[in-house]
Student: 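Sharing a structure below in structure tokens format, with a few things to ask.
This structure is a prediction, so every number in the text was calculated from the model and none was measured. Chain identifiers are assigned alphabetically (A, B, ...) following the order of the sequence lines, protein sequences preceding nucleic acid strands; residue numbering begins at 1 within each chain.
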Amino acid sequence: MTPGDLERLSQAELRGEIEALTAAYVHALDDADLERWPDFFTEDCVYKVIPRENYENGLPLAIWYCQGRGMLQDRVTAIRETQLFAPRALRHITGNILVQGREDGVLRTVTNYAVYESTLDRASEVFNVGRYLDRIVVADGRLKFAEKLCVFDTSVIPTSLIHPI
Amino acid sequence: MTPGDLERLSQAELRGEIEALTAAYVHALDDADLERWPDFFTEDCVYKVIPRENYENGLPLAIWYCQGRGMLQDRVTAIRETQLFAPRALRHITGNILVQGREDGVLRTVTNYAVYESTLDRASEVFNVGRYLDRIVVADGRLKFAEKLCVFDTSVIPTSLIHPI
Amino acid sequence: MTPGDLERLSQAELRGEIEALTAAYVHALDDADLERWPDFFTEDCVYKVIPRENYENGLPLAIWYCQGRGMLQDRVTAIRETQLFAPRALRHITGNILVQGREDGVLRTVTNYAVYESTLDRASEVFNVGRYLDRIVVADGRLKFAEKLCVFDTSVIPTSLIHPI
């Protein structure tokens, strides 16, 4: 894929490509395949996890803030070195994708997500619900996130937010 | 878009258009952008929120019943004038869409939804789960709902069903 | 649809067809239209429901194991003859679909799902969360499951797993 494809692809083709990116992203996380996670982002990306209240009031506080793929990779290393937490599985369900714009080689999309957590001895539970606000570009021959804001709805900060969303 | 497009579009194009409509609809609700809500419907639309048990037994009782876009607009005004409830966020996750038919300029679709509720001091919770039974037409140059039935699964009527589903 | 279509269809067309299959499958289950369930599978299909822990450790234990459409039909008959359980509704929400491969007339896909349960006197609850690992082929002129593994995340086996997932 080349940057020019963003202009050339039909609406249906583009939607299919964004859905494929979304599905690949959440399955990498759900498979706990964290080493693949930074590859979904551009070199100079922005990744944030923000409570909805802060986002809507323009407050800068983010629970996670990474600038550049190097910081994502550092984060993965840190997670791998501190495996103190109980084994659990995460599962992302993403809804239908809203394509807000396609200008200057950048796609702006919004996608609702619900993440479920399952531990060995408890039934599956809702863990985190919110929306992805994404800026997607073509880099290294495929779609990548130049910016991903994970705006979650509750003001209760999950204590176990160890893995990316 | 013109009514003839419904016949001309390929399956994949049509599916993309319905997904785009669905995503736009739920994000307007999740953004609490209620003034935009009536615009997703035709002038003489039908909008109902119905417990599954009533729907399957052919009982007329609906929790919400609106006939015509004017009633939707009245409903929005009423909501805006009675903001007594605690601040909370709703989030809709919609599943893959079943296109049941495309005849005489009307698309019939079924879409499962789950709505989550988040308040300031509690974790996100499942609020309402069910399916949209939609009749979609081309009006004012784009896809709109001529009929939207929100059939929810539980018989426990949510006391806080203040906003549309 | 013919087996050759799997090669000929564009990515977007193929994605649309898989989404349509997924939506039809879950709505048959959610409508409790169990007699239609075996028709989504090939004659010599494999259908399993497996806890994630067993699946990832290569353990053979499945909660459900059916080989061949005949076993699916037997299962439906058994369910119909033992309607001792309380009435309840299931609702499947499926996320964006990951197409992993398209080789030798077989599509390999992964799709996250969340199933909600609603009874007459309780609010809707999360019932089962996991992923479908599917092998899809063209049979009888349409897409069918040659293999469907329902790998659910929790190790707590749902006592009420009476209906297929």
Side-chain angles (χ1 to χ4, degrees), chain B residues 9-19 22-23 26 50-57 91-102 107-117 123-134 150-161 165, chain C residues 1 5 8-33 36 40 86-99 109-129 132 134 136 142-143:
Chain B
L9 289 177
S10 71
Q11 294 279 7
E13 288 168 329
L14 199 59
R15 175 169 286 278
E17 294 291 336
I18 301 168
E19 289 172 350
T22 303
V26 304
I50 317 167
R52 177 181 165 118
E53 211 189 1
N54 289 10
Y55 177 77
E56 294 186 349
N57 291 305
R91 182 76 40 209
H92 292 66
I93 311 280
T94 44
N96 288 293
I97 295 165
L98 179 65
V99 181
Q100 292 191 304
R102 169 169 35 165
L107 284 165
R108 287 180 300 111
T109 65
V110 186
T111 308
N112 282 347
Y113 69 82
V115 185
Y116 301 85
E117 180 180 40
S124 300
E125 292 178 355
V126 178
F127 173 65
N128 192 273
V129 172
R131 63 195 193 273
Y132 293 130
L133 303 175
D134 294 329
C150 312
V151 180
F152 63 94
D153 285 346
T154 179
S155 294
V156 182
I157 294 164
T159 51
S160 52
L161 191 56
I165 292 286
Chain C
M1 185 177 270
D5 286 339
R8 269 192 296 274
L9 290 177
S10 71
Q11 294 278 8
E13 288 167 330
L14 199 60
R15 175 169 285 279
E17 295 290 338
I18 300 168
E19 289 173 349
L21 172 69
T22 303
Y25 178 85
V26 303
H27 280 102
L29 294 184
D30 292 346
D31 291 345
D33 201 354
R36 288 180 49 218
F40 287 98
R88 58 182 191 135
L90 296 181
R91 182 76 39 208
H92 292 66
I93 311 280
T94 45
N96 288 293
I97 295 166
L98 179 64
V99 181
T109 64
V110 186
T111 308
N112 281 347
Y113 69 81
V115 186
Y116 301 86
E117 180 180 40
S118 305
T119 52
L120 279 182
D121 54 352
R122 283 209 321 276
S124 300
E125 292 178 355
V126 178
F127 173 65
N128 192 274
V129 172
Y132 294 130
D134 295 328
I136 300 169
R142 59 189 181 94
L143 292 183

Student: Please name the pair of heavy atoms, one in C:F40 and one in C:A28, separated by the smallest distance, quoted to 0.1 Å.
Tutor: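 Closest heavy-atom pair between C:F40 and C:A28: CE1-CB, 3.7 Å.
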Student: Can you confirm whether C:Y132 sits close enough to C:T109 that some side-chain heavy atom of one is under 4.5 Å from a side-chain heavy atom of the other?
Tutor: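 Side chain of C:Y132 against side chain of C:T109, heavy atoms only: no contact under 4.5 Å found.
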Student: Side chain, backbone, both or neither: which part of B:V99 has a non-hydrogen atom closer than 4.5 Å to chain C?
Tutor: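 It is neither, since no heavy atom gets under 4.5 Å.
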Student: Is it the backbone or the side chain of C:A24 that comes under 4.5 Å from a heavy atom of chain B, or both, or neither?
Tutor: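 For C:A24, heavy atoms of backbone and side chain both lie under 4.5 Å from chain B.
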Student: Measuring heavy-atom distances to chain C, does B:S10 have an atom under 4.5 Å in its side chain, in its backbone, in both, or in neither?
Tutor: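 Contact with chain C is absent: no heavy atom of B:S10 under 4.5 Å.
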Student: About how many Å separate CZ of B:R15 and CG of B:L9, when rounded to the nearest 0.5 Å?
Tutor: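 It is 13.5 Å, given to the nearest 0.5 Å.
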Student: By a 4.5 Å heavy-atom criterion (distance strictly below it), what part of C:N96 contacts chain B: side chain, backbone, both, or neither?
Tutor: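 Neither part, no heavy atoms under 4.5 Å.
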Student: So, C:H27 and C:D33: side-chain donor and acceptor under 3.5 Å apart, yes or no?
Tutor: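 There is no such pair between these side chains.
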Student: Does any heavy atom of chain C fall under 4.5 Å from the side chain of B:E19, the backbone, both, or neither of them?
Tutor: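 The side chain, not the backbone.
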Student: If you measure only the distance, is there a donor-acceptor pair under 3.5 Å linking the side chains of C:S118 and C:S124?
Tutor: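 Per modelled atom types, C:S118 and C:S124 side chains form a pair under 3.5 Å.
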Student: Please rank B:L98, B:N112, B:I93 by heavy-atom pairs under 4.5 Å with chain C and give me the top one.
Tutor: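 Highest number of heavy-atom pairs under 4.5 Å: B:N112.
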